[in-house]
Structure formats: C-alpha cells, structure tokens
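The structure under discussion appears below in the form of structure tokens.
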Amino acid sequence: MSEQQSFMERHHFLLRRLHSLSGIVPIGTFLIVHLTTNASIMWGMANHRAAEYAADPVGRGVATFQHEVNFINNLPFVFLIELFGLWLPIAFHAVLGVMYAVTGSRNTRAYAYGGNKRYMLQRLSGYVGVLFIFYHVATLRWGWTFLVPGGTEWSSQFAASTLAMALRGHADHFSITGLFVSLLYFFGVSLLVYHFANGLWTAAITWGLTVSRAAQQRWGYVCATVGVLLMAAAWSALGGFMFAVNVQKAETVEGVLYQEHHGEMAPDENAPGEPDLIEPQAALSTNRTDG
Amino acid sequence: MTTATATPPPTAGKAMRTVHFRIKRCDGPGKPSRWESFNVPIPANSNVISCLQWIAANPTTADGKATTPVVWESSCLEEVCGACTMVINGKVRQSCSCLIDEYAPNDGDTVTLEPMSKFPVIRDLWVDRTRMFAALKRVKAWVPIDGTYSLGAGPMEGPRASETRYKLSECMTCGCCMEACPQYHLQADPAGWETSFIGAAPISQARLFNDHGTGKQLKSERLEALMGPGGINDCGNAQNCVQVCPKEIPLTESIGAIGRAATVEAFRRFFMAK
Ligand code: SF4
Ligand code: SF4
Ligand code: FES
C-alpha cells in the first residue's frame, strides 16, 4: 500500500505542518521585520539621530530608512540568509499553499458566516499574494525595469527616492501606470498582512494550541491586534513613499549617506569619527540636477 | 380568502394559505436533475415532511401535470436520526423540524428543496450517506470489546469529562457539517473515500472515543487515520460545520483537540516509537 502512495501522500502530515510552520517562521517573522523597516520612512521622522542628515522630518525618515536598508545589506551571509530564510520557504509555502487551496470550494453565498469569508479570503489573499510578491521581487530585486512605471531601477543606496519613483512612475506625481502599481502595492500588502494574521489564528487550531471556543476567540483578538499593527506599518510605509517623499530632497540625503558609507569602506580614508563629508545643511541646499 | 400577513400564523378560522414548493428532482443515480413545482395547502404547524406527504398523495405539479410522488428519506420526525437532511432554501438542515410557518409565513411564499450536494442522489431528495458510515469505520469510532469475556465495570468518568463527551455523543451522522464544509466534496466512488477529506463529524467522533476510558486503546490508530491524506489537516478552518450542526456539537473544538492530539502523536512517534 505504502508503495502506491505518492510522496505527498506519504509525507502528508509533515508537509502540512511544515507548510503551516513556514508561514509563521520564517515568512511571517520576515514580514514583520520587512514592514517595520519600510515604516521607518514614517517612524524615522522621530529619529533624532537622523537629524544629522536632514533638518526636515521627511528627510529624517529617508535617512533612517536608508540606514535600515544599509544595515540589512551589510548583514553577513545576506545571500544565504535570503535563500534559506526567505526564497525557499516562500516558494515552498506558495507551491503547497496553491496545491492545498485548489482542494477547497467556495460557498460563501449560501453560508455567509464570518469564518467562511475569512477562509475564502485566506485563499484569495494567497493567490494574489504570490503574484504580488513575484512582481515586487522581479521589479525591485531582479531589476525587471520594463515592468516598473517610468522604468526606474531600484537602488539599495538610494532606497527611498528610487522606491518613490518606482511606485509613482514619476518623481513628483503619479503617472497612470504608477497609480496602478501603487494600488497593486496597497492591495497586495494589505492582503498579505491579512493572510499572515488570519494564518496565525488558524495555525493555532491546526497545531492544537487553541481548542476551546473561548481560547480561539482570545487568540483571535491577539491575531487581530497583530494584524492591525502590521497594517498600520504597511500603510504608513506606503503612504510615506507614495505621498511624503520628495524625490530630489531624498536623493540629497541619500547622497550624503552614500558618501559616508563608501567613505568608511575605502581603505585610505580619514580617521574614523571624522569622515570626509558634505556638511548636512550644505547637502540639503545642494541643488542636484540629475534625475 | 387569505391575506399576506407576516405574523401571526394563520388560524384555523381562516382559509388555508398556499405555499409554492420548488423541488429538485432526479429519477435515479446518474440521471439528470430537473425542477418541479407544487402548490401545497398549508394547515397550521406544517413542516416540510408533512408537505412532502401531501405531495406524495397529490402528485400533480403547479402547472397541472401528473408526476411521480417526490421521494425523500425520514424516520424519527424529531431531529434525532438525521435521515431527513436536505438543502432547504439553499441551506442544509433537517426537513422534519423545518416549520413552514417560519420559512414561508405568507400566502404564495416559495420553499426550495434540494438533495444534499455532497452525497450521491439515490432519488429526488434521498441521498446515499454510506460514506459517512465508512468514515466512522475509518476512525474506528467505537469502544473495542471483543465480547468473549467480561471486562467488569468500565473505568470511572468524572462529571466534566462526561459532560463534554455527552455533547459529542449527540451526533446523528446527518451530514449537515459535510454539506456546508468547503473542503468536503462529492465522492461517489468508494475507492476515493479513504483519501478524500473525512469531514467534521468523524473527527469529533474520534475525539469522543479517544476520551473514553476503554475507547482510548485505539487512540493511536484513530490518529493514524486522521493524520493521513483526507484527515485533520485537510480541514481549512472555515468553521461552517459548527454553524450548521443542528446538535450544536462543538466541532471546531473537536478539530482543535484532534489537532493537538496529532501534534503530540507526531512528537511521540518521532522520539519514542521503536
Ligand atoms: S456533527 Fe452535527 S452536523 Fe455533523 S453529522 Fe453530527 S449532528 Fe450532523
Ligand atoms: S472547520 Fe474544517 S471541517 Fe469545519 S467546515 Fe471548515 S473546513 Fe470543514
Ligand atoms: S426524520 Fe429524523 S431527523 Fe428528521
């Protein structure tokens, strides 16, 4: 009998549980980190240490975000961390998720219960999420600029300014495709946050952490809170990049950080603590003309 | 003459109102389905079964054509056997306890009857529920006693456990929880029953017998069946089952409890199995 079973059938239980687990660790954990990093465009406004680079709040957000991006890119073994902590788990979760989701059917019209709608939305957000993540990674990571409105190539050294351009399709306003991509980001990110929060709730039933109805309800409040906070992070980040960032000012701030960053890494430089920099206030008033 | 009043139900003094029944009919397994309508006079306190009885006695459609009596299944007529389960106005429930005064309070109202969609139709509203009983066998939903010698008195059970288990024991294998479940599908071929999703009721029954002092001897085997394809992991946590269960059995708690037992069993097997 066991000879006739497929690989999926023989390891049914393990694969199902790994699928559940992978959604929380590492993918969900990464989502939290990623959204918190992105939201630094907003919370960075209150970051007094960034005042060194910019006088205005948005500039401080830009500097903080750039700092966060630099931190991640300077992690040791960043490629291996990404491969095993991110790409492979996401691929695994997505492929199995689609295989499992197609075994479901939709009956929310006849049985319009909240749980059933969440079930349906969990599958929908999974499908949309896979497509969105693919677009997100292909354009900003693999540099498929032909899919980016305005053809901007995202640069990790000019993180906020190039991201704002890639979302809007233009430095100072939304192009039609930019509006479309911005909306895609809004829905894609919101659905993924929902997918994580709701998945956190159902995973507790799957693993048997929450058994009683009261426990499921209590855990539901926790998951809803997590979802609301992450949604706030996601929306504030998107709002920041779509509306708040002034591309030219951001480039100036990023330019200062770029020099600082590369200045430090160059072998024969000034003593640490005295980097050869443009003065921050001077930097802000520099009239950059490139685009 | 009858007027359309929402409440109260018509009294004996008034002429009887007429309710329109739309019934999805099918002459036999594999045959095509068709809709037929009947105008049924409604005495006070009618239920769907009493209306079906009237149709059986007067098998004439609303447009005056003679037809065959509509076939359905029922037994207890008090919502304890589950045999009369069907889809009424789009939702699954028992037809014997379905009161016309609630569903069609006014003259000319329509009630729609369909067989359950997740089980093969035998004829009209009568479906083949064998798969549900096969599922109970799949999870060994019984207490193992071979009957060759006296086991003496069974183990003691505390009041709290007995209260929990009593509720679970009320399941009548009616099929509502499967019909409403988005993960449960029609599977006419018995060969597919072993690997297709088992549904909420047998999962809950496995919990009932796992928690029984003697029944727990088969716990590992029950979990084995539920940890495989079509078992507990195929549940998508839509929680429709608990919403539609007429016995208000806490099915989602049973799903959580079996999920927990399966987690423990997996670790036990990994670290302790020989
Ligand atoms: S659990 Fe409830 S809905 Fe399901 S078969 Fe039993 S009684 Fe019917
Ligand atoms: S909780 Fe599971 S068994 Fe119940 S309706 Fe949803 S998918 Fe079906
Ligand atoms: S006839 Fe037994 S439940 Fe309706």
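Per chain, numbering begins at 1; letters A, B, ... match sequence-line order.
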At a heavy-atom separation under 4.5 Å, does [X] approach chain A through its side chain, its backbone, both, or neither?
X: B:S254; value: neither
X: B:E253; value: both
X: B:C181; value: backbone
X: B:D234; value: both
X: B:A262; value: both

Looking at [options], which one has more heavy-atom pairs under 4.5 Å with chain B than the rest?
options: A:Q122, A:M120, A:R17, A:R109; answer: A:R17
options: A:N107, A:T202, A:L14; answer: A:N107
options: A:W201, A:Y111, A:Y100; answer: A:Y111
options: A:G115, A:G114, A:A101; answer: A:G115

Less than 4.5 Å apart, side chain to side chain, heavy atoms only: is that true for [X] and [Y]?
X: B:E114; Y: B:S33; answer: no
X: B:V127; Y: B:M86; answer: no
X: A:L15; Y: A:F92; answer: yes
X: B:E79; Y: B:M172; answer: yes

Give, as side chain, backbone, both or neither, the part of [X] having an atom under 4.5 angstrom from any heavy atom of chain B.
X: A:R106; result: neither
X: A:N116; result: both
X: A:Q216; result: side chain
X: A:T210; result: backbone
X: A:R213; result: both
X: A:L209; result: backbone

### Message
For the backbone of B:D124 and the side chain of B:R25, can you confirm whether one donor and one acceptor N or O come within less than 3.5 Å of each other?
### Response
no

### Query
Would you call the rings of B:F271 and B:F267 parallel, tilted or perpendicular if under 30° counts as parallel and over 60° as perpendicular?
parallel

### Query
Would you call the rings of A:Y185 and A:Y135 parallel, tilted or perpendicular, where under 30° means parallel and over 60° means perpendicular?
perpendicular

### Message
Measuring centre to centre across the rings, with the benzene-like ring taken for any Trp, is A:F241 within less than 6.0 Å of A:F65?
### Response
yes

### Message
Is there a salt bridge (charged side-chain N to carboxylate O under 4.0 Å, His left out) between B:R269 and B:E265? Walk through the geometry before answering.
### Response
CA-CA 6 Å; B:R269 277 194 212 158; B:E265 176 75 6; 3.3 Å; yes

### A:W207 side chain to A:S20 side chain, donor-acceptor N/O pair below 3.5 angstrom
yes

### Task
Return the option, out of B:N233, B:V87, B:I232, B:V264, with the maximum number of heavy-atom pairs under 4.5 Å with chain A.
B:N233

### Query
Looking at B:G236, B:G90, B:A257, which makes the most heavy-atom pairs under 4.5 Å with chain A?
B:G236

### Task
Tell me, please, whether A:Y119 has A:R123 positioned over its six-membered ring: NZ or CZ under 6.0 Å from the ring centre and within 45 degrees of its axis?
yes

